[in-house]
*Asks:* 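The structure under discussion is supplied below as structure tokens; questions concerning it will follow.
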Amino acid sequence: AVKRAQALPDPLKGLAALIPLFERYADCDALPEAQTAFDGLLSDAQRDARQRQEDLADRIALIGSLSTPADVIAQADALFAEWPKVEVPAALRTYAKANRNTALTNLLEDDALDDLRTRLNAIRAKAQTTVQAEAEEGTAWWIWVAVGLGALIVLYVLLSLVQGIFAKRAEAERKAKQRAALESVRNTMAHRRK
């Protein structure tokens with residue numbers, strides 16, 4: 001039973017598998033061997049927890065050092081999707097409380113993963129705020145460009161209308177002078193015929 005518990009891939013499950021042995025074989029000579037196995041699995045579980053925390057802390061620091069907010073958000077979302085799920089068997093919690101095993105209790109109540117998750121959330125929220133601010137600034141820039149182009153188009157239309165009005169007046173004045181000149185020539189010719 002000890003070898004089966006040690007062979008389990010998750011040390012926490014191995015610890016949970018050893019708990020019934022303590023109760024069932026309390027007076028047996030093999031109990032010290034089970035206790036040694038328990039201590040070894042507890043040490044493995046602590047080492048795994050530390051390694052998991054260090055790996056996550058390194059990845060979070062790397063994500064925080066990225067310069068592009070969109071990359072930060074994408075990497076944070078990817079890490080959230082891969083976030084380790086630590087399942088603690090209920091028997092293990094009960095055993096830790098009943099036997100006042102402080103090392104096991106500290107391992108089970110360790111909230112370092114929650115702290116790391118909070119840190120990653122803060123980094124992602126900051127990047128999200130930056131992306132939103134850039135989007136708002138970009139929108140304002142495009143609005144100003146559109147307003148400027150609209151004003152130029154209105155100004156062009158107004159100038160074209162004014163220029164058209166002046167051109168029509170100039171054309172009317174030219175035609176009036178031409179008519180007056182033709183009228184003058186006709187009058188002169190009419191006086192000569194008489």
*Asks:* Can you see which heavy atom on D110 is nearest to which on Q53, and at what distance?
*Replies:* OD2-NE2, 2.6 Å

*Asks:* Does Q163, at its CD atom, have more than 12 non-hydrogen atoms belonging to other residues, nucleotides or ligands within less than 6.0 Å?
*Replies:* no

*Asks:* The criterion is side chain to side chain contact (heavy atoms under 4.5 Å, CB included); which residues satisfy it with T36, sequence neighbours excluded?
*Replies:* none

*Asks:* Can you sort out the partners of E173 under side chain to side chain contact (heavy atoms under 4.5 Å, CB included), two or more places apart, ordered by chain and number?
*Replies:* none

*Asks:* Using the ring pair (Phe, Tyr, Trp, His ring centres under 6.0 Å) rule, collect all pairs that involve residues 92-112, keeping only residues at least two apart or in two chains.
*Replies:* F22-Y95, F38-Y95

*Asks:* What is the distance from atom NZ of K13 to atom CG of L8, rounded to the nearest 0.5 Å?
*Replies:* 8.0 Å

*Asks:* First locate atom CG of D111, then atom CG of D115, and finally report the distance between them rounded to the nearest 0.5 Å.
*Replies:* 4.5 Å

*Asks:* Taking salt bridge (Lys or Arg N to Asp or Glu O under 4.0 Å) as the cut-off, I'd like each qualifying pair that reaches into residues 83-97, sequence neighbours left out, listed once.
*Replies:* none

*Asks:* Is any side-chain heavy atom of L56 less than 4.5 Å from a side-chain heavy atom of R117?
*Replies:* no

*Asks:* Of all the heavy-atom pairs spanning L41 and A5, show the shortest one and how long it is.
*Replies:* CD1-O, 4.0 Å

*Asks:* Should V72 and V131 count as side-chain neighbours, where that means a heavy-atom distance under 4.5 Å?
*Replies:* no

*Asks:* Begin with the C-alpha distance, continue with both residues' side-chain angles, and end with the deciding distance and a verdict on side-chain contact (heavy atoms from CB on, under 4.5 Å) for Q6 and L18.
*Replies:* CA-CA 9 Å; Q6 289 173 328; L18 287 176; 5.8 Å; no

*Asks:* The criterion is side chain to side chain contact (heavy atoms under 4.5 Å, CB included); which residues satisfy it with T105, sequence neighbours excluded?
*Replies:* A96, E109

*Asks:* At what distance, to the nearest 0.5 angstrom, does CD1 of I73 lie from CD1 of I63?
*Replies:* 11.5 Å

*Asks:* Identify the two heavy atoms, one from A76 and one from L120, that lie closest to each other, and give their separation to 0.1 Å.
*Replies:* CB-CD1, 3.9 Å

*Asks:* For the pair D10 (side chain) and L12 (backbone), establish whether a donor and an acceptor sit closer than 3.5 Å, ignoring hydrogens and angles.
*Replies:* yes

*Asks:* Which atoms form the tightest heavy-atom contact between L104 and N101, and what is the distance?
*Replies:* N-OD1, 3.1 Å

*Asks:* Please check if the side chain of T188 supplies one atom and the backbone of S184 the other of a donor-acceptor pair under 3.5 Å.
*Replies:* yes

*Asks:* Search all heavy atoms of I19 against all heavy atoms of A91 and return the closest pair with its distance.
*Replies:* CD1-O, 3.6 Å

*Asks:* Which heavy atom of L92 sits nearest a heavy atom of A16, and at what distance?
*Replies:* CD1-N, 3.9 Å

*Asks:* Drop me the distance from Q35's CD to L42's CG, to the nearest 0.5 angstrom.
*Replies:* 9.5 Å

*Asks:* Under the side chain to side chain donor-acceptor pair (under 3.5 Å) test, which residues partner R174, sequence neighbours left out?
*Replies:* E171

*Asks:* Side chain of S43, backbone of D39: donor and acceptor closer than 3.5 Å?
*Replies:* no

*Asks:* Transitively linked via ILVMFWY side-chain contacts under 4.5 Å: F80 with L62?
*Replies:* no

*Asks:* CG of N121 to CZ of R119: how many Å apart, nearest 0.5 Å?
*Replies:* 12.0 Å

*Asks:* Tell me whether D55 is salt-bridged to R52, with the criterion being a basic N under 4.0 Å from an acidic carboxylate O.
*Replies:* no

*Asks:* For T102, does its backbone N or O pair with a side-chain atom of N106 as donor and acceptor, under 3.5 Å?
*Replies:* yes

*Asks:* Please report the interatomic distance CD1(I60) to OG(S65), rounded to the nearest 0.5 Å.
*Replies:* 12.0 Å

